[in-house]
Trainee: 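There's a structure below that I have some questions on.
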Amino acid sequence: MHKAQIGVYGLGTMGSALALNLAEQGISVAVTNREADWIAPFVDAAGPLADHLLPAPDLTSFIALLARPRAVLFMIPAGAPMDAMIAQTRGLLEPGDMIIDAGNADFRDTIRRSADLAADGLEYVGMGVSGGEQGARHGPSMMVGASAAGWARLKPMTEAIAARFEGDPCVARVGPDGAGHFVKTVHNGIEYADMQMIAEVYGLLRDGAGWDAGRIGAQFGAWNNGPLASFLTEATSAVLGAIDPDTGVPVVDVIVDAAGQKGTGRWTVIEALKLGQSASTIEAAVGARAWSAGQDVRGAAAQVLVGPKAGNMAAPDPDTMAQALLAGRILAHAQGFDILRAASDDFDWSLDLARIAEIWRAGCIIRSALLDDLAAALAAGPHMGRLILSPTISDLLNANVAALRQVVGGAMQAGLAVPSLAASLGWFDTIRQARGTANLIQGQRDYFGAHGFARIDRPGRFHGNWP
Ligand code: 6PG
């Protein structure tokens, strides 16, 4: 009997799209789903690609369809559902088989599961997949956490389905076990920051300059032809330009201003803090989503807390806005790559940051013209491994940060909220201070807690003779 090269469990949006992408590459794919009644309609809708699909009504027959050593890819909700699936599946597998978790998992779960399944001789691969439905169907960016042997097995299949940037497949083994999911988590943290800063610029144009959605959308469309070119810039233009068929007004004007979040942005910030890193731009974006969800409090606060009148902002010129957004985007990426560098040291992953930037140049949600520059800067080996110390990136920042300062300053004077843009600028000004103000913090700590401090003029640990 003909066996499948891989099995895809979970025929939701992303799982179906990945299965069809694999099938399109001529790879035979066993497919199944928890709700068995989804399977036949999926295969029917696959058209000629159904020739490469082997549907199974349940987990046991699904596993039986797989060629040995087996590769089972799960695209199901992260957390407890994945643990439950592992518990059901592991007894059906044998040493040498592989489970691939392609969901947005917490990398700590991936490390734990990987060690647990290794006891049965099974490899557990954590694979971050970015690009949404279209990406999964026609070419995602994939960040793989696997052993070298596991990667050797997965490489041909994943390279066949990956997005390509100038012919280079946007997939890599970034490290072992949890490394792939960690890199995907930080990708999402940067995604949150970029989306938030775009939304802040939208807010300035809407509430500061009084532009309507169509005009702002057209502006993002124009920006997409310059240094801000990116999937998210383009998506923003499309979203702002869409009209609600029921009311005839822009769709964006009928959408409730409360953002959802599944957790990856929050995890980025949590892990950054654990690593002693600053992810202030990303944190502001996660916080802004949380505040957006507290609509009742915002509604009440709007009645009692006063600020400058809306529409008070001097009309910002679009070039300045674009430069401000670019500076914010650079700083958010710099924070993201700093987190990756710190995690690489902490977990001993030897992450290749340049390769990570390269596989983000196509297929993923944060793909952008900027990522090409960042990849080149990282490949050149910036001083201390820091993007902000790369000559090309510091030049780019210096050329654009005055606009960020102007926009943030203007927004603050006008009482318009720009938490992520402001956090970016705050970090920029902090990190370029050769002499900061933490000498006072150390003095305070020693004053009330005798924590001691270092002196600038001699080695050792000292205490002040405080009054
Ligand atoms: C991607 C996306 C994708 C999804 C996340 C984020 O890279 O393709 O990040 O994984 O959009 O689920 O979702 P939330 O905004 O709900 O956290």
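Just so you know, ligand 1 is whichever comes first in the structure, and atom 1 is the first atom listed for that ligand.
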Trainee: Please report the C-alpha distance between Asp101 and Arg113 in whole Å, then the side-chain angles of each, then the deciding distance to 0.1 Å, and finally whether the salt bridge (Lys or Arg N to Asp or Glu O under 4.0 Å) criterion is met.
Mentor: CA-CA 10 Å; Asp101 176 2; Arg113 291 166 181 157; 3.6 Å; yes
Trainee: What residue and atom, counting heavy atoms only, is the protein's closest point to atom 8 (O) of ligand 1, and at what distance?
Mentor: Gly131 N, 2.9 Å
Trainee: With respect to atom 3 (C) of ligand 1, which of Met14, Met143, Lys184 exhibits the smallest heavy-atom separation?
Mentor: Lys184
Trainee: Give the residue and atom name of whichever protein heavy atom lies nearest to atom 16 (O) of ligand 1, and the separation in Å to one decimal.
Mentor: Lys262 CG, 3.2 Å
Trainee: Which residue holds the protein heavy atom closest to atom 7 (O) of ligand 1, what is that atom called, and what is the gap in Å?
Mentor: Ser130 OG, 2.4 Å
Trainee: Evaluate whether atom CZ of Arg34 has more than 12 neighbouring non-hydrogen atoms of other residues, nucleotides or ligands under 6.0 angstrom away.
Mentor: no
Trainee: Among all protein non-hydrogen atoms, which one is nearest to atom 17 (O) of ligand 1, and what is the separation to 0.1 Å?
Mentor: Tyr192 OH, 2.5 Å
Trainee: Considering Glu191, Arg266, Gln261, which one's heavy-atom position lies nearest to atom 2 (C) of ligand 1?
Mentor: Glu191
Trainee: Give the residue and atom name of whichever protein heavy atom lies nearest to atom 15 (O) of ligand 1, and the separation in Å to one decimal.
Mentor: Arg289 NH1, 2.8 Å
Trainee: Only pairs at least two apart or in different chains count here, so list each ring pair (Phe, Tyr, Trp, His ring centres under 6.0 Å) that has a residue in residues 172-192.
Mentor: Phe107-Phe182, Phe182-Trp349, His187-Trp360
Trainee: Can Asp83 and Arg112 be said to form a salt bridge (Lys or Arg N to Asp or Glu O under 4.0 Å), step by step?
Mentor: CA-CA 11 Å; Asp83 280 319; Arg112 170 180 56 79; 3.2 Å; yes
Trainee: Atom 1 (C) of ligand 1: which of Val286, Asn104, Val129, Ile365 has the nearest heavy atom?
Mentor: Ile365
